[in-house]
Every structure is written in structure tokens, then in C-alpha cells.
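This report concerns only the one structure given below.
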Amino acid sequence: MITIGLVDDHQMFLDGMVSVFSTQSSFSILFVENNAKSALEKIKHSKPDIIISDISMPDINGIEFIKLVKENYPDIKVLVLSMFDNLQTTENMDGYLLKETDKEELIKAINTIVLENGKYFKTTKNETDTFEFKHSILSPREKEIIQLIAQEYTTDEIAEKLFISKGTIETHRKNIFFKLQVKNIAGLIKKSIYLGIVK
């Protein structure tokens, strides 16, 4: 049984989600909240396997909410459902889907994240890709650093060229590797060429 916490400030959407999961015997909803603060209180007493949340909420924005969840409860998975297809960051997320996603894909995403300990991202209306991320999720600075890495600049040289610290470069590198789901420079270059970031 996969336990779920639902967090969204749109009641009609929450009602729809409850209706979807009520027909699935392998899922159990632990709580339904329309704001992040209330959800954080519920999590203290009832820790679901996965939280399904929006990123646009009135009290605490979804990005900050997810960060707080992961800092305090790292074992809880987080799947974001949003109206926005221009995903800018995947930090602390285990998955991202558009709200118009159909029930079958939603269930597939939850099973991938919880049962397989995987990631599941769909950031466009016509492309499903579990581990491939469009280069649009990278910031301009991250793309700039990728270009310099591809030109064989060292971390020291990149830091000097961009007037930022080595620590900042390492943070960017870590985020780039996570977003593109690569483990080393060779993988980064290969993925960057595939995505058209590097010629």
C-alpha cells in the first residue's frame, strides 16, 4: 500500500485527486491539505510514502515547502503536479508532471518513484522522459559553465573567467549533473550534445 499526502490550494483539483485514488486499492490518502503550513503539521504525525504538491501556493511557495520536507523527512518522496511546463529546477523533487496528465501516467509516475526508487519527469505536453531533461530546465549560468567545461576549462579557470568562487562552480556542477542525470564529465558532454547545448 502506497500512502499519499495531497497538497494544493485548489479544492476542485484536490477533490479530483481524491476521486482518482479512491478507485485504486494500492493507494491510501493519509491527508489532504490546501496549504503548505497545514501539510507540514500533518507530516509530523503522519508520514506518507509520497507527497503530491503544487509549486504555486499562497503561504509557503511549493519550492520552499519541498525543501523543508526533504530537509526534515528525506525518505519522503515528492511529486510535483503543476500547470507550468517551463520547469526551472528539479531540486528536491522526485518527479514533475503537468496537471493535465492522465490517471494512468500519474499512477506510473508514483510507482516509479516509490516502488522503484526512481525519478519521473514530464515537462512538456508531448514528451514523456523518465530520465531525460530538456535543456530549458538549465539556468543561463549553468549552460555557460557547460560550454566552458566542454572547452576543457578547469574549475579554477572557470571561476576566474566568470568572477565567481570555486565553491559556487562546484555547486553549479552538482546541480547540472543532477538535472541532466549524469555521473561524470564524459556523460555530461554526451548529454549536452544530445540536447543541443554543446555543438
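Because only heavy atoms are used, hydrogens play no part in the values below, and waters and symmetry mates are left out as well, while side chains stay in. Throughout, numbering of the chain's residues begins at 1 and tracks the sequence.
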field: Approximate separation, where rounding is to 0.5 Å, of Asp102 CG and Lys108 NZ
entry: 10.5 Å

- request: Would you mind telling me which of Asn92, Asp75, Asp94 makes a side chain to side chain donor-acceptor pair (under 3.5 Å) with Lys70?
  value: Asp94

task: May I ask you to test the Ile113-Lys119 pair for a side-chain heavy-atom distance under 4.5 Å?
output: no

message: Using a 3.5 Å distance criterion without hydrogens, assess whether the side chain of Glu105 forms a donor-acceptor pair with backbone atoms of Leu97.
response: no

Any residue meeting side-chain hydrogen bond (donor to acceptor under 3.5 Å, both in side chains) with Asn117, in chain and number order, not counting sequence neighbours: Lys77

Would you be so kind as to tabulate the donor-acceptor pairs closer than 3.5 Å made by side chains of residues 171-178, with sequence neighbours excluded?
from   : atom 1 : to     : atom 2 : distance (Å)
Thr171 : OG1    : Gly167 : O      : 3.1
Arg173 : NH2    : Thr155 : OG1    : 2.7
Asn175 : ND2    : Thr171 : O      : 3.4

- request: Check for a donor-acceptor pair, side chain of Ser192 on one end and backbone N or O of Leu188 on the other, with a separation under 3.5 Å.
  value: yes

- prompt: Of all residues at least two apart in sequence or in a different chain, which pass the side-chain hydrogen bond (donor to acceptor under 3.5 Å, both in side chains) check with Lys166?
  reply: Asp156

query: At what distance, to the nearest 0.5 angstrom, does CD of Glu160 lie from OH of Tyr153?
result: 10.5 Å

query: Just by modelled atom types, is the Ile43 backbone N or O under 3.5 Å from a matching donor or acceptor in the Ser46 side chain?
result: no

message: List the residues meeting side-chain hydrogen bond (donor to acceptor under 3.5 Å, both in side chains) with Asp49, not counting sequence neighbours, and say none if there are none.
response: Thr3

- prompt: Distance from Met1 atom CE to Phe27 atom CZ, nearest 0.5 Å?
  reply: 10.0 Å

Acceptor/donor pairs from residues 5-22 side chains to any protein atom, 3.5 angstrom cut, sequence neighbours excluded:
from  : atom 1 : to    : atom 2 : distance (Å)
Asp8  : OD1    : His10 : N      : 2.8
Asp8  : OD1    : His10 : ND1    : 3.2
Asp8  : OD2    : Lys99 : NZ     : 2.8
Gln11 : NE2    : Asp15 : OD1    : 2.9
Ser22 : OG     : Val18 : O      : 3.4
Ser22 : OG     : Ser19 : O      : 2.7

- request: Evaluate the side-chain contact (heavy atoms from CB on, under 4.5 Å) criterion for residues Ile51 and Ile4: first the C-alpha distance (whole Å), next the side-chain angles of each, then the deciding distance (0.1 Å), finally the verdict.
  value: CA-CA 6 Å; Ile51 290 173; Ile4 298 171; over 6 Å; no

query: Could you give the distance from NZ (Lys37) to CG (Leu40), rounded to the nearest 0.5 Å?
result: 10.0 Å

Euclidean distance, Lys143 NZ relative to Leu148 CG, rounded to 0.5 Å: 14.5 Å

Contacts of type side-chain hydrogen bond (donor to acceptor under 3.5 Å, both in side chains), residue Asn72, not counting sequence neighbours: none

statement: d(Ser82 OG, Tyr96 OH) to nearest 0.5 Å is 3.5 Å

